[in-house]
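What follows is a single structure, written as structure tokens, with notes after it.
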Amino acid sequence: MAKEVTKREENYSQWYNDLALKADLAEQSAVRGCMVIKPYGYAIWEKMQGLLDGMFKQTGVQNAYFPLFIPKSFFSREAEHVAGFAKECAVVTHHRLMNDPDGKGVVVDPSAKLEEELIVRPTSETIIWNTYKNWITSWRDLPILCNQWCNVVRWEMRTRLFLRTAEFLWQEGHTAHATSQEAEAKAFEMVQVYAKFAREVMALPVIVGHKSPNERFAGALDTLTIEAMMQDGKALQAGTSHFLGQNFAKSFDVQFTNKEGKQEYVWATSWGVSTRLMGALIMAHGDDNGLVLPPKLAPIQVVMVPIFKTEEEHNAILDRMYEIKKKLEAMGHSVKVDDRDTLRPGFKFAEWELKGVPVRIAMGARDLAAGTVEVARRDTLTKETYAVEGIESHIHQLLDDIQENIYNKAVAFRESHIEKCDSWDEFKEKIGTGKFLLCHWDGTAETEQAIKDATKATIRCIPIDTCVCEEEGVDIFSGKPSHRRVVFAISY
RNA sequence: CGGGGUGUGGCGCAGUUGGCUAGCGCAUCUGGUUUGGGACCAGAGGGUCCUGUGUUCGAGUCACAGUACCCCGACCA
């Protein structure tokens, strides 16, 4: 069958790659560093999109769309921002192809050189702020709360399926406010939206916190993040929300007349999550049998596999299954009846497990006679037999249980891989073993850099809600006084 | 861009000190038997051995160059 997924212990990278490819989520594209998201994988992304979008709208955010191409000159407006992105951009230099005069194929027409090069957006702050300039004149125009779902391109040196591809899908929210306080509050509100989504929908426990100055987004005054732990103990930044201050407003000269009639620069935020969340899902919940999807994101929540010997038997079982399907669908669940008569049940079981379907219902001749079904849950790989009568309410409850169990399992994993650490020797020893370490830090970039150089570990965040970290102590590296612990980890 | 590795039917691989008709497993197709955890038997189809140059009577195998991909760093959502 060659469908088995590599064991996690042997090579985590390989395991992850196999899982993403074999579970039918994606495949490597012919274009370097890019990926093809297959229908099954995209269905999961669509669910994420839909649920997130609903949450955004509840906070007053509206969707809009801005151009893919950004004139090169826009990037030179915000000095810090360009330093963060200029090195890894795809650049459009020509607008026409021609037949190769020397032979076959096509070449770039040298006469079609662009006056000014266009950059394929790596993020849209610049073009959006250039646009906002036209939208904002008075305090009455504020706030502007826009989000766009789009693709962006960053020419990364090394790519990794879902986690770091040259092109990826994401949403980027960009807001404009009259006051610093309002903008900061918005940045905070949005990171909390991400945390809620991660915890309640993705069943992914995350730590919310501030980034250290070193790890901040290029051009931001403050970056808020949700940090998740993968099953190898490494950290993954799953979403960010930035308080941009007046940096972009000043670069693009976006001023408004306030209530006192004075000109003032606008305050900004931006925030985003990407298809990297798909990577988080795979790495946080997957096991050696394949993907484990939280019911709220599973494109198929319940799969039904008939077990039969004859066509009559098959049809009889399918009839019963469609009845159950109808009831479950009426309750809002997505159900698939696997009526393929060319494959054996064992094959189907393995295949749906690989794809992470939360609940499987099997029904054979014995069940048909007894009025029962076999219900298997993906998260625990356990099976139980139930009466068909009233099965739908049981399944309904079971899906909730699975959602909760997957989350609890991930929380338990994280709790067992996170600890306080107050000794530098201990830190060096433990940080490489797949743990988050809560340590005192003196707040300086120098210390952070020194620790990174020595161990590759970075400050993932200065947590604000997950653990009690406000306490006096001394920096683990420098020995200087510190008022709180921060999260150190090796990251993706 | 540095260090390492790999390119052989759709996928995964073997191929000895260069040797005669390039193999194996999976997948595919046909027929039959099967069907409560990835079926079995029989038969069939499918290859510019990454590209180029060289060495040689003879290259999948050796040399050089190029190229693609993977892994480890630096960079990053």
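Order of the sequence lines fixes the chain letters, A, B, ..., with proteins taken first and strands second; residue numbering starts at 1 for each chain.
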Could you identify the nucleotide paired to [N], looking across every strand shown and requiring Watson-Crick or G-U wobble geometry with both distances under 3.5 Å?
N      : answer
G73(B) : C1(B)
U35(B) : none
A68(B) : U6(B)
A14(B) : none
C29(B) : G43(B)
U21(B) : none

*Would you mind listing every ring-ring contact (aromatic ring centres under 6.0 Å, His included) that reaches into residues 281-318 of chain A, with sequence neighbours excluded?*
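Counting only pairs at least two positions apart or across chains, the ring-ring contact (aromatic ring centres under 6.0 Å, His included) contacts touching residues 281-318 of chain A are Phe308(A)-His314(A).
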Please state the [atom1] separation for the pair [N] and [M] - nearest whole angstrom.
N      : M      : atom1 : answer
C29(B) : G46(B) : P     : 16 Å
C20(B) : G73(B) : P     : 43 Å
A42(B) : G5(B)  : P     : 42 Å
U21(B) : A39(B) : P     : 39 Å
C71(B) : U51(B) : C1'   : 24 Å
G60(B) : C13(B) : C1'   : 14 Å
G2(B)  : G10(B) : C1'   : 35 Å
U61(B) : G54(B) : P     : 15 Å

*Is it the case that more than 12 heavy atoms not belonging to Glu384(A) sit under 6.0 Å from its CD atom?*
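Not buried by this count: 12 neighbours or fewer within 6.0 Å.
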Would you mind classifying the nucleic acid contact of [X] as base, sugar-phosphate or nothing, using non-hydrogen atoms under 4.0 angstrom?
X         : result
Lys211(A) : nothing
Arg160(A) : nothing
Gly272(A) : nothing
Glu156(A) : base
Glu353(A) : base
Ser13(A)  : sugar-phosphate
Ala365(A) : base

*Residue pair Gly286(A) / Arg8(A): nearest heavy atoms and the distance that separates them*: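 Scanning both residues, the minimum pair turns out to be O-NH1, 3.5 Å.
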*Which atom pair, heavy atoms only, marks the closest approach of Ile207(A) to Pro463(A)?*
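Here Ile207(A) and Pro463(A) meet closest at CG2-CB, 3.8 Å.
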Which nucleotide sits closest to the side chain of [X]: [options]?
X         : options                : value
Lys456(A) : G38(B), G36(B), A74(B) : A74(B)
Ile307(A) : U35(B), G37(B), A77(B) : U35(B)
Ser274(A) : C71(B), G36(B), A77(B) : A77(B)
Lys452(A) : G37(B), C75(B), A77(B) : C75(B)
Glu374(A) : G37(B), C75(B), G36(B) : G36(B)
Pro345(A) : G36(B), A77(B), G37(B) : G36(B)

*asked:* Taking atom types as they are modelled, would you say the side chain of Arg344(A) forms a donor-acceptor pair with the base of G36(B) within the 3.5 Å cutoff?
replied: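 Counting by modelled atom types and ignoring angles, no donor-acceptor contact under 3.5 Å is found here.
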d([atom1], [X]; [atom2], [N]) in whole Å:
X         : N      : atom1 : atom2 : result
Asp338(A) : U35(B) : CG    : P     : 18 Å
Trp155(A) : A74(B) : CH2   : C1'   : 19 Å
Gln14(A)  : G5(B)  : CD    : P     : 18 Å
Gln237(A) : C76(B) : CD    : C1'   : 9 Å
Glu27(A)  : C70(B) : CD    : P     : 13 Å
Lys22(A)  : C11(B) : NZ    : C1'   : 9 Å
Leu161(A) : C69(B) : CG    : C1'   : 14 Å
Phe349(A) : A39(B) : CZ    : P     : 11 Å

*Please tell me which of Thr310(A) and Thr165(A) maps to the more 5' nucleotide of RNA chain B, matching each residue to the nucleotide holding its nearest heavy atom.*
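The answer here is Thr310(A).
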*On RNA chain B, nearest-nucleotide positions of Leu343(A) versus Lys348(A): which is more 5'?*
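It is Leu343(A) whose nearest nucleotide is closer to the 5' end.
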*Would you say C76(B) has OP1 or OP2 under 4.0 Å from some side-chain N or O of Arg154(A)?*
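The answer is no; no side-chain N or O of Arg154(A) sits under 4.0 Å from OP1 or OP2.
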*asked:* Check the phosphate of C76(B) against Arg276(A), side-chain N and O only, distance under 4.0 Å to OP1 or OP2. Yes or no?
replied: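 The answer is no; no side-chain N or O of Arg276(A) sits under 4.0 Å from OP1 or OP2.
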_Members of residues 43-57 of chain A that approach RNA chain B, where some heavy atom sits under 4.0 Å away_ =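 Output list: empty, so none.
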*Ignoring hydrogens and angles, tell me if any N or O in the side chain of Glu353(A) forms a donor-acceptor pair with the backbone of Gly290(A) under 3.5 Å.*
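Between the backbone of Gly290(A) and the side chain of Glu353(A) there is no qualifying donor-acceptor contact (under 3.5 Å).
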*asked:* If we check ring pair (Phe, Tyr, Trp, His ring centres under 6.0 Å) with His242(A), which of these qualifies: Phe248(A), Phe188(A), Phe217(A), Trp271(A)?
replied: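 That would be Phe217(A).
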*Hey, could you give me the CD1/NE2 distance between Ile361(A) and His394(A), rounded to the nearest 0.5 Å?*
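Output value for this atom pair is 9.5 Å.
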Side-chain donor-acceptor pairs of residues 33-47 of chain A under 3.5 Å, sequence neighbours excluded:
residue: Lys38(A); atom: NZ; partner: Asp24(A); partner atom: OD1; Å: 2.7
residue: Tyr40(A); atom: OH; partner: Lys355(A); partner atom: O; Å: 2.6
residue: Lys47(A); atom: NZ; partner: Ala298(A); partner atom: O; Å: 3.4

*Residue pairs passing the side chain to side chain donor-acceptor pair (under 3.5 Å) test where at least one lies in residues 291-313 of chain A, sequence neighbours excluded*: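 Listed by first then second residue: Gln301(A)-His333(A).
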*Sequence neighbours excluded, every pair satisfying salt bridge (Lys or Arg N to Asp or Glu O under 4.0 Å) that has a member inside residues 163-173 of chain A*: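 The answer is none; no pair qualifies.
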*asked:* Checking Thr455(A) now: which residues fulfil side-chain contact (heavy atoms from CB on, under 4.5 Å) with it, not counting sequence neighbours?
replied: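 Partners of Thr455(A) under the side-chain contact (heavy atoms from CB on, under 4.5 Å) test: Trp424(A), Phe427(A), Lys428(A), Ile431(A), Ile451(A), Ala457(A).
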